[in-house]
Amino acid sequence: MATQRSNPFCLSVKGHVKMLRLALSVASMTFFILAQAPEPYIVITGFEVTIILFFIILYLLRLDRVMKCLFWPLLDIINSVVATLFLIILSVLALLPETTLYTIFGGVFALLTAVICIADSALIYRKLLFNPSGPYQKKPVRGKEDT
């Protein structure tokens, strides 16, 4: 039986994108806290930081392979899409009115986080397209015979 070796999560492209997403979300939340922005700005970015941290821990400890009752890539894509929508709305609301410099920085970092969320969901979606039977099941693809 051949063992399947894969890159550790931290060294993969998916891991780098998640870490960048976490760093940008933390920066955005920090700027909103320093600016004493309205509470929804801080709460939305705080939830985003918490959820990203959850997924990073899940993938680092390989719990997604242990808990097979949930389809984790689908949950990850849903999280990325919902986070993108919330962060775009948040950044537009933070950048439109004349506000403090820290609020503007928080809005810019939230917009950058939304762009990274789109990239994250595209990476996961591409992985699912290349292996539609499941993320960890390798089955040979049978071609149609022309008659």
Side-chain angles (χ1 to χ4, degrees), residues 1-96 99 102-144:
M1 184 171 147
T3 60
Q4 179 184 359
R5 290 191 47 93
S6 62
N7 287 342
F9 176 73
C10 292
L11 299 178
S12 67
V13 175
K14 183 175 154 186
H16 290 303
V17 170
K18 288 263 189 239
M19 298 293 181
L20 180 61
R21 187 173 158 192
L22 178 66
L24 289 172
S25 293
V26 167
S28 179
M29 185 177 67
T30 303
F31 282 125
F32 285 141
I33 290 171
L34 290 175
Q36 297 178 350
E39 286 85 12
Y41 296 3
I42 300 168
V43 169
I44 290 172
T45 53
F47 279 152
E48 178 65 15
V49 167
T50 305
I51 291 170
I52 296 169
L53 200 59
F54 167 76
F55 274 107
I56 289 173
I57 291 171
L58 177 89
Y59 292 134
L60 275 176
L61 298 178
R62 296 184 181 253
L63 294 176
D64 57 327
R65 295 185 183 190
V66 174
M67 297 186 294
K68 293 183 180 184
C69 59
L70 293 174
F71 191 54
W72 292 105
L74 181 63
L75 290 176
D76 207 353
I77 288 176
I78 291 171
N79 168 47
S80 294
V81 170
V82 170
T84 301
L85 292 175
F86 275 111
L87 289 170
I88 287 174
I89 293 170
L90 177 81
S91 62
V92 167
L93 289 176
L95 293 173
L96 279 182
T99 56
Y102 286 139
T103 307
I104 292 172
F105 283 155
V108 168
F109 276 96
L111 191 60
L112 289 173
T113 306
V115 171
I116 297 299
C117 286
I118 293 170
D120 190 20
S121 61
L123 279 172
I124 298 167
Y125 182 71
R126 195 180 94 195
K127 180 179 178 182
L128 288 177
L129 281 183
F130 286 140
N131 194 5
S133 64
Y136 305 112
Q137 301 171 358
K138 298 277 185 180
K139 295 182 180 178
V141 178
R142 295 183 183 176
K144 294 182 181 178

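From a predicted model like this one, the values you see are computed outputs, not experimental measurements. Values below: all heavy atoms of this structure, side chains included; hydrogens, waters and symmetry mates excluded.
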For the CG atom of Leu63 and the CG atom of Leu70, what is their distance to the nearest 0.5 Å? 12.0 Å
If you compare all heavy atoms of Thr45 against all heavy atoms of Ser28, which two are closest, and at what distance to 0.1 Å? CG2-OG, 3.7 Å
Please confirm whether the backbone N or O of Met67 pairs with a side-chain atom of Trp72, one donor and one acceptor, at under 3.5 Å? yes
Give me the atom names and distance for the closest heavy-atom approach of Ser80 to Ser121. CB-CB, 3.6 Å
So CG of Leu111 and CG of Leu87: to nearest 0.5 Å the spacing works out to 9.0 Å
Which residues satisfy the side-chain contact (heavy atoms from CB on, under 4.5 Å) test with Phe31, sequence neighbours excluded? Tyr102, Phe105, Phe109
Return the set of residues passing side-chain contact (heavy atoms from CB on, under 4.5 Å) with Ile78 (not counting sequence neighbours), or none when no residue passes. Leu74, Val82
Between Val13 and Leu123 the two heavy atoms that sit nearest each other are CG1-CD1, 3.8 Å
On a heavy-atom basis, the closest approach of Thr84 and Cys117 is OG1-CB, 3.1 Å
Non-hydrogen side-chain atoms of Asn79 and Phe54 separated by less than 4.5 Å: no
If we only count heavy atoms from C-beta on, is the Ile44 to Ile89 side-chain gap below 4.5 Å? no
Residue among Leu53, Ile116, Val17 satisfying side-chain contact (heavy atoms from CB on, under 4.5 Å) with Leu22: Leu53
Those residues that, when tested against Phe86, pass ring pair (Phe, Tyr, Trp, His ring centres under 6.0 Å) (two or more places apart): none
Contact summary for Pro40 and Leu90, nearest pair of heavy atoms: O-CD1, 4.4 Å
How would you list all residue pairs meeting salt bridge (charged side-chain N to carboxylate O under 4.0 Å, His left out) that involve residues 34-58, not counting sequence neighbours? Arg21-Glu48
Sorted by chain and number, sequence neighbours left out, side chain to side chain donor-acceptor pair (under 3.5 Å) with Thr103 holds for Thr100
Note, Phe55 side chain near Asp120 side chain (heavy atom, < 4.5 Å): no
Side-chain heavy-atom pair Leu95, Ile104 within 4.5 angstrom cut-off: yes
Taken in chain and number order and not counting sequence neighbours, the residues that satisfy salt bridge (charged side-chain N to carboxylate O under 4.0 Å, His left out) with Asp76 are Lys18
Which atom pair, heavy atoms only, marks the closest approach of Ala37 to Ile42? O-CD1, 3.9 Å
